[in-house]
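The figures here come from the full heavy-atom set of this structure, side chains too, leaving out hydrogens, waters and symmetry mates. Indexing begins at 1, ligand by ligand and atom by atom, following the structure's order.
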Amino acid sequence: APMTPDTDMSKAPSKGRFRAPDHILAIEPYEPGKPMAELEREYGISDAVKLASNENPLGPSPAAVEAIRTSIAGLHRYPDGAAHELSRKLARRHGLAPEQVVVGNGSDEVIGLLAQTLLGPGDEVIIPTPSFLMYEISVRSVGATPVFVPLQELRIDLDQLARQVSERTRLVFLCNPNNPTGTANSVAAVRAFIDQLPERVVVVVDEAYIEFVSDPACFNSLRDGRDKPQLVCLRTFSKVYGLAGLRVGYGVMASELAQLIHRIRPPFNVNSVAQAAAVAALGDEDFLQRSVKLVHEGLVQLTRGLDRLGLRHHPTQTNFFLVDLDRPADEVFEALLRHGVIVRSMLSYGFKRSIRINVGLPEENTRFLEALAAVLT
Ligand code: PMP
């Protein structure tokens, strides 16, 4: 039958045509860091610097790039749906059974899969706030109820989290170190926290930035939580491994829970190029060490520069940190854009007078410091 105007999908939906349940309407869309190409188009510039999404400024691991080139010849085939080689390599690296590893299209996807697998309407999930915004979105998208616990002086207060546990609590999200504050919880504190929870509560510890941690007391699931079956550890190839654009992350969990997730996981969720790149990046120790060193040196450069400008900034265990501007941050954010420097606005995280910045290359850090000095005078 010919298409009637009514079914023409190219037309913008008229108001009220599509109905979504209230729990979907309650979701604020995630606001990503501004892409460089977009800024360059908008402002007619060509040398933008992006320090907004906690990416690796060195680029992707050269070993991964090589593996990507090779993998292209096989693009007419579906990927290995079980991500066999990657899960085996990860398992060997961390001393796990391959059945404990669930690979996802970014750890974002693993967060979503956990929510879909474990939660439904009426279930409560404890979420520190501000923290990574995908926890709330994933919880709401399945009709479960987020229970927010404000940070105390930028730290996740585990005692306050524990106080929010009810008989409906099914899950707790713990971002360690925390995005966007860079703070971390200790081995002793996280272990004591898990021990006081009812056993049915799953604790998801998101360790997207764990490779940058310098404090040896910081909790590390795969080192300090191996005896806790209710623990799920999330890791990603987007940060220190430099593969954010390919989308690979993974969860480590009890194999019984992994089995449940596989019931709903899309069969080819991680593409073949991403799998090959992640395997190669995992073996590129040299790149890993260079990346961590660059971040630690960049933190020194940036904090010294901010000290010189008299700006307060917060100590961090990650490749990013918050800067207190002591004035409305949105003005500074916009002015920095005009200088071609993209930092992260913290408005959607509830900080009106701070920006978040991640470590870039030394010359990018300098660009940021110079632009900030110009903007603030
Ligand atoms: N968790 C945290 C704390 C993050 O900051 C990010 C990236 N912004 C993610 C998870 C998602 O990472 P991925 O690229 O693996 O989806």
Side-chain angles (χ1 to χ4, degrees), residues 29-35 50-57 60-61 64 83 86 90 101-115 125 127-139 141 151 154-156 171-185 190 203-213 218-221 232-252 265-266 269-271 273-275 277-278 281-282 291 295 316-322 342-346 348-349 351 356-359:
Y30 183 82
E31 242 185 80
K34 205 178 189 54
K50 186 182 177 199
L51 303 174
S53 299
N54 309 337
E55 295 152 345
N56 190 328
S61 132
L86 179 54
L90 286 168
V101 180
V102 175
V103 187
N105 192 253
S107 46
D108 279 347
E109 188 189 33
V110 185
I111 294 168
L113 289 171
L114 283 163
V125 178
I127 305 179
T129 181
S131 190
F132 186 46
L133 293 170
M134 286 310 294
Y135 311 144
E136 174 183 355
I137 293 175
S138 301
V139 166
S141 71
L151 304 191
L154 301 188
R155 306 190 149 271
I156 295 177
L171 208 74
V172 178
F173 279 105
L174 195 57
C175 189
N176 199 57
N178 188 42
N179 181 4
T181 55
T183 52
N185 287 91
V190 177
V203 180
V204 179
V205 182
D206 183 345
E207 300 183 339
Y209 302 96
I210 199 78
E211 295 87 354
F212 301 114
V213 166
C218 171
F219 181 79
N220 177 325
S221 296
V232 174
C233 167
L234 297 180
R235 300 261 174 121
T236 180
F237 284 90
S238 297
K239 308 299 172 184
V240 78
Y241 291 98
L243 296 176
L246 269 186
R247 317 299 303 123
V248 201
Y250 59 100
V252 173
R265 181 178 62 79
N269 60 327
V270 184
N271 71 71
V273 178
Q275 290 186 33
L282 206 54
S291 303
V295 163
T316 183
Q317 291 296 318
T318 64
N319 63 338
F320 60 83
F321 58 96
L322 293 175
I342 313 174
V343 300
R344 189 60 158 265
S345 160
M346 285 286 104
S348 54
Y349 289 83
F351 293 120
R356 192 191 69 196
I357 177 200
N358 68 259
V359 176

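Residues C218 and A184 share a closest heavy-atom pair of SG-CB, 3.6 Å.
Nearest protein heavy-atom neighbour of atom 6 (C) of ligand 1: F132 CZ, 3.5 Å. Protein heavy atom in closest approach to atom 12 (O) of ligand 1: S107 OG, 3.1 Å. Taking atom 2 (C) of ligand 1 as the reference point, the nearest protein heavy-atom neighbour is D206 OD2, 3.4 Å. The nearest heavy-atom contact from the protein to atom 7 (C) of ligand 1 is K239 NZ, 3.1 Å. For atom 11 (C) of ligand 1, the closest non-hydrogen atom of the protein is D108 OD1, 3.2 Å. Of all protein heavy atoms, the one closest to atom 5 (O) of ligand 1 is Y209 OH, 2.6 Å.
Judged by distance alone, the side chain of D206 and the main-chain N or O of C175 form no donor-acceptor pair under 3.5 Å.
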Show your reasoning for whether side chain to side chain contact (heavy atoms under 4.5 Å, CB included) applies to E136 and V139. CA-CA 5 Å; E136 174 183 355; V139 166; 5.9 Å; no
For Y349 and L322, what are the C-alpha separation, side-chain angles and deciding distance, and is it a side chain to side chain contact (heavy atoms under 4.5 Å, CB included)? CA-CA 12 Å; Y349 289 83; L322 293 175; over 6 Å; no
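Those atoms of ligand 1 that come under 4.0 Å of a heavy atom in G106, given as number and element, are 13 (P), 15 (O), 16 (O). Close approach of ligand 1 to S238 is summarised as follows: ligand atoms under 4.0 Å from at least one heavy atom of the residue are 13 (P), 14 (O), 15 (O).
For the side-chain contact (heavy atoms from CB on, under 4.5 Å) criterion with N56, the lone passing option out of S61, S291, S238 is S291.
Side-chain contact annotation: R356 with N179, donor-acceptor N/O pair under 3.5 Å present. Inspection of the N178 and T183 side chains reveals no N or O donor paired with an N or O acceptor under 3.5 Å.
Using a 4.0 Å heavy-atom cutoff, C175 is listed among the residues neighbouring ligand 1.
Between Y135 and ligand 1, not a single N/O pair is under 3.5 Å apart. Considering backbone and side-chain N/O atoms, R247 comes within less than 3.5 Å of an N/O atom of ligand 1. Considering backbone and side-chain atoms alike, N105 places every N or O at 3.5 Å or more from each N or O of ligand 1.
By the 4.5 Å heavy-atom criterion applied to side chains, F173 and F132 are not counted as neighbours.
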